[in-house]
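All remarks here apply to the structure that follows.
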Amino acid sequence: MHNKKIKEIYNLLYDEYGPQGWWPIKGKYFPEKEDPFEITIGAILAQNTTWKNAQRAIMRLHDADLMNPEKILKLPEEKLAEIIKPSGYYNQKAERIKTISRYYMNWQKQNRIPGRNELLSIKGIGPETADSILLYAYHQPVFVIDIYTKRLFSRTGIANENIKYEKLQNRIQSELLKDHLNDEKVFREYHALIVEHAKRHCRKKPECGGCVLKIKGICMYKSTNKMEGET
DNA sequence: ATCCAGGCGTTAT
DNA sequence: ATAACGCATGGA
């Protein structure tokens, strides 16, 4: 029933911001081909921090010539933690990156890609990280739900703000399916567009001025400029 | 200075 | 089953 809205939001955001090109990272390191390992590690490093800080940690791994599972496994955990420090939570993340590196080597050796439940069984990989890895590292058609996605679909009246991860994901995927927009390229682009839009307008503290969704009448959210002290 | 950022696991209610 | 908390850096 909100089918039209979900498709329309995608089209509006795409027209507004254009293709986002999330992965691979554009830069001096391997710009010619994307590296599933780097994307996997990047998904961990990006947890609950800014992309800029995650990218700093990724660059430091490249600078140390450590962007592969074998070298990471040989490196003492404290060294790894030091290198990825800018991403925050560096002790947790170092431990988890080591674990995932071991799994990654097995996937490579077995010439297969991980399944969602397998990813979820790994400590440090929750639903969003699992889906980010599947979508951005392995091009599987799964829609990533993050805090921005919940916020945007909540404020546009498409979902309750406390909706569960898989429920919102199923809703979006099934409605995009009706419009034949259920391919991984759209999913990648849509998620990235949501993040961009959330950074510019649909922030925690909303900046609704100039929001294309508001202008086009898709979003009715009122950006209440703090009027808490009401009776 | 306070708040937030491309979350997750553990522990308390 | 859900809520609260710890993990930690860097920018606004």
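Residue numbers begin at 1 in each chain, while the letters A, B, ... track the order of the sequences.
- Shown here is A/I147, whose CD1 atom has no more than 12 heavy atoms of other residues, nucleotides or ligands within 6.0 Å.
- Within the nucleic acid shown, A/R203 has no heavy atom closer than 4.0 Å to any nucleic acid atom.
- In this structure, A/K150 atom NZ and B/dA5 atom C1' are separated by 16 Å, rounded to whole Å.
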For nucleotides 1-3 of chain C, give me every protein contact, N/O to N/O, under 3.5 Å, one pair per line with atom names.
unit_1	atom_1	unit_2	atom_2	d
C/dT2	OP2	A/K164	NZ	3.4

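- The distance between atom CD of A/E95 and atom P of B/dC8, rounded to the nearest whole Å, is 16 Å.
- In this structure, the CD1 atom of A/I83 is 16 Å from the C1' atom of C/dT9, given to the nearest Å.
- Proximity of A/R96 to the phosphate of C/dC7: no side-chain N or O atom is located under 4.0 Å from OP1 or OP2.
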Close N or O pairs between protein and nucleotides 10-12 of chain B (under 3.5 Å):
unit_1	atom_1	unit_2	atom_2	d
B/dT10	OP1	A/K123	NZ	3.3

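- Distances from the side chain of A/T49 to the nucleotides C/dG11, C/dT9, B/dG7 place C/dT9 closest.
- A straight line from CG of A/N91 to P of B/dC8 spans 19 Å, rounded to a whole angstrom.
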For residues 72-90 of chain A, please give each side-chain donor-acceptor pair under 3.5 Å, one per line with the distance, not counting sequence neighbours.
unit_1	atom_1	unit_2	atom_2	d
A/S87	OG	A/I84	O	3.0
A/Y89	OH	A/N48	ND2	2.8

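- With A/K214 contributing its side chain and A/Y221 its backbone, the two residues share a donor-acceptor pair below 3.5 Å.
- Contact annotation for A/I194: no contact, since no heavy-atom pair falls under 4.0 Å across all strands.
- Listed pair A/T50 / B/dC4 fails the phosphate criterion, with no side-chain N or O lying under 4.0 Å from OP1 or OP2.
- Where A/N53 and A/I122 each meet DNA chain B at their nearest nucleotide, the meeting point lying more 5' is that of A/N53.
- Rounded to whole Å, the distance from CD1 on A/I41 to P on B/dG7 is 17 Å.
- On the P atoms, C/dA8 is 16 Å away from B/dT11, given to the nearest whole Å.
- Between the side chain of A/Y136 and the backbone N or O of A/I39 there is no donor-acceptor pair closer than 3.5 Å.
- Between the CD atom of A/Q47 and the C1' atom of C/dA8 there is a distance of 13 Å, rounded to whole Å.
- No donor-acceptor pair under 3.5 Å is formed between the side chain of A/R60 and the backbone N or O of A/R56.
- Following rounding to the nearest Å, A/I133 (CD1) and B/dC8 (C1') show an atom-to-atom distance of 13 Å.
- Between the side chain of A/R171 and the backbone N or O of A/I158, at least one donor-acceptor pair lies under 3.5 Å.
- A distance-only check finds no donor-acceptor pair linking the side chain of A/T49 to the backbone of A/L45 [under 3.5 Å].
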A/E70/A/R102 under salt bridge (charged side-chain N to carboxylate O under 4.0 Å, His left out): CA gap, chis, key distance, verdict: CA-CA 8 Å; A/E70 293 87 350; A/R102 210 171 53 238; over 6 Å; no

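- Comparing C/dA8, C/dT9, C/dG11 by their nearest atom to the side chain of A/R56 picks out C/dG11.
- Tested against A/E38 for a side-chain contact (heavy atoms from CB on, under 4.5 Å), the candidates A/I41, A/T40, A/D35 yield a single pass: A/D35.
- The aromatic rings of A/Y17 and A/H197 lie tilted to each other, with the angle between the two planes from 30° to 60°.
- A/R60 comes within contact range of no nucleotide atom at all, as no heavy-atom separation falls under 4.0 Å.
- Taking atom CG of A/L45 as the reference point, atom P of C/dG10 lies 14 Å away to the nearest angstrom.
- Put simply, A/Y90 has no side-chain N or O that comes within less than 4.0 Å of OP1 or OP2 on C/dC7.
- Note on A/Q92: a base of the nucleic acid sits closer than 4.0 angstrom, heavy atoms only.
- For the pair A/Y89 and A/K52, nearest-nucleotide mapping onto DNA chain C gives the more 5' position to A/Y89.
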